[in-house]
Amino acid sequence: MTEIRELLLRRIRDVADYPEPGVMFKDITPLLADPAAFAALSDALADIARATGATKVVGLEARGFILGAPVAVRAGLGFIPVRKAGKLPGATLSQAYDLEYGSAEIEVHAEDLSAADRVLVVDDVLATGGTAEASVQLIRRAGAEVAGLAVLMELGFLGGRARLEPALAGAPLEALLTV
């Protein structure tokens with residue numbers, strides 16, 4: 001696993017002062033452009049999906065789609081997109097949550113999850129945990145079980161893990177990298 005972590009770290013670019021001054025943005029596009037690194041990432045996350053006994057993978061808009069879809073394919077599972085409000089046609093379940101400045105809302109198709117599902121949430125970065133926490137609440141409201149949450153990178157200094165652990169209620173939180 002150390003080799004995979006080193007490969008992933010080498011492919012993540014720091015961009016200073018983006019999206020605003022004082023922020024060090026972690027750009028994963030070089031990782032996605034490298035087929036060996038992207039495959040290693042997809043395989044590592046698929047291993048987590050299998051280990052949790054997940055039956056479906058939820059990807060959070062937008063980079064969670066990029067990571068979650070190949071994870072689902074590699075693990076032989078279905079993929080469910082969780083979108084920003086107003087982006088899905090048909091009947092949806094929604095979950096509102098607070099942001100640092102304001103609020104947001106995410107949605108899932110009501111029929112995509114059932115009580116028979118164990119769901120692994122996949123995203124690129126765990127920051128403050130607001131979107132991930134809302135997705136856990138949404139999955140449970142749909143009647144499914146949360147198998148866990150897996151991310152490429154956790155920004156440990158923002159405290160997302162502490163916020164999420166009560167919501168996860170014992171389900172694992174796996175971060176391949178912590179910065």
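Sequential numbering from 1 along the given sequence is applied to the chain's residues.
Proximity of Q95 to E105: side-chain heavy atoms (C-beta onward) are nowhere separated by under 4.5 Å. The shortest side-chain heavy-atom distance between I12 and D27 does not fall under the 4.5 Å cut-off. Looking only at side-chain heavy atoms (C-beta outward), S42 and L67 stay at 4.5 Å or farther from each other. Counting only heavy atoms from C-beta outward, the side chains of V122 and V151 never approach each other to under 4.5 Å. Residues V121 and L60 form a side-chain contact, since some pair of their non-hydrogen atoms from C-beta on lies under 4.5 Å apart. At a threshold of 4.5 Å between non-hydrogen side-chain atoms, the residues V23 and Y18 do not count as touching.
No side-chain donor from either of S103 and D98 sits under 3.5 Å from a side-chain acceptor of the other.
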With a 3.5 Å cut-off and sequence neighbours excluded, list the donor-acceptor pairs that the side chains of residues 68-90 form with protein atoms.
from	atom 1	to	atom 2	distance (Å)
R74	NE	D43	OD1	2.3
R83	NE	E61	OE1	2.9
R83	NH2	E61	OE2	3.4

Between side-chain atoms of residues 163-179 and protein atoms elsewhere (two or more places apart, or another chain), which donor-acceptor pairs fall under 3.5 Å?
from	atom 1	to	atom 2	distance (Å)
R163	NE	E133	OE1	2.8
R163	NH2	E133	OE1	3.1

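Note: L120 CG to R50 CZ = 11.5 Å, rounded to the nearest 0.5 Å. Once rounded to the nearest 0.5 Å, the distance linking CZ of R141 with CG of L113 reads 12.0 Å. Remark: I4 CD1 to L41 CG distance equals 9.0 Å, nearest 0.5 Å.
Between I106 and S135, the closest heavy-atom pair is CD1-N, 3.6 Å. The heavy-atom pair separating Y97 from T131 by the smallest distance is OH-OG1, 3.1 Å. Here the shortest heavy-atom pairing between E145 and I139 reads O-CG2, 4.2 Å. Among all heavy-atom pairs drawn from P30 and R13, the shortest one is CG-CB, 4.0 Å. Considering every non-hydrogen atom in both I66 and F38, the closest pair reads O-CZ, 3.7 Å.
Taking hydrophobic clusters as Ile, Leu, Val, Met, Phe, Trp and Tyr residues chained together by side-chain heavy-atom distances below 4.5 Å, L155 does not share a cluster with M24. L126 and F25 end up in different hydrophobic clusters when Ile, Leu, Val, Met, Phe, Trp and Tyr side chains are linked at under 4.5 Å. Both L9 and M153 belong to a common hydrophobic cluster when Ile, Leu, Val, Met, Phe, Trp and Tyr are linked at side-chain heavy-atom distances under 4.5 angstrom. Clustering ILVMFWY residues whenever any of their side-chain heavy atoms sit less than 4.5 angstrom apart, transitively, puts V15 in a cluster other than the one holding F157.
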(message) Go through it in stages, so that I can follow the logic: the residues are D117 and D112, the test is side-chain contact (heavy atoms from CB on, under 4.5 Å), and I'd like the CA-CA distance, side-chain angles, deciding distance and then a yes or no.
(response) CA-CA 10 Å; D117 289 317; D112 287 347; over 6 Å; no

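With hydrogens and angles ignored, the 3.5 Å screen pairs no side-chain donor or acceptor of D14 with any backbone N or O of K26. A donor-acceptor pair under 3.5 Å is formed between the side chain of D34 and the backbone N or O of A36. Although no hydrogens or angles enter the test, the distance criterion places no donor-acceptor pair under 3.5 Å between the side chain of T92 and the main chain of S94.
With sequence neighbours excluded, the residues satisfying side-chain contact (heavy atoms from CB on, under 4.5 Å) with L7 are R10, R11, A37, A40.
Of the listed residues (D123, D124, T29), just one forms a side-chain hydrogen bond (donor to acceptor under 3.5 Å, both in side chains) with R63, and that residue is D124.
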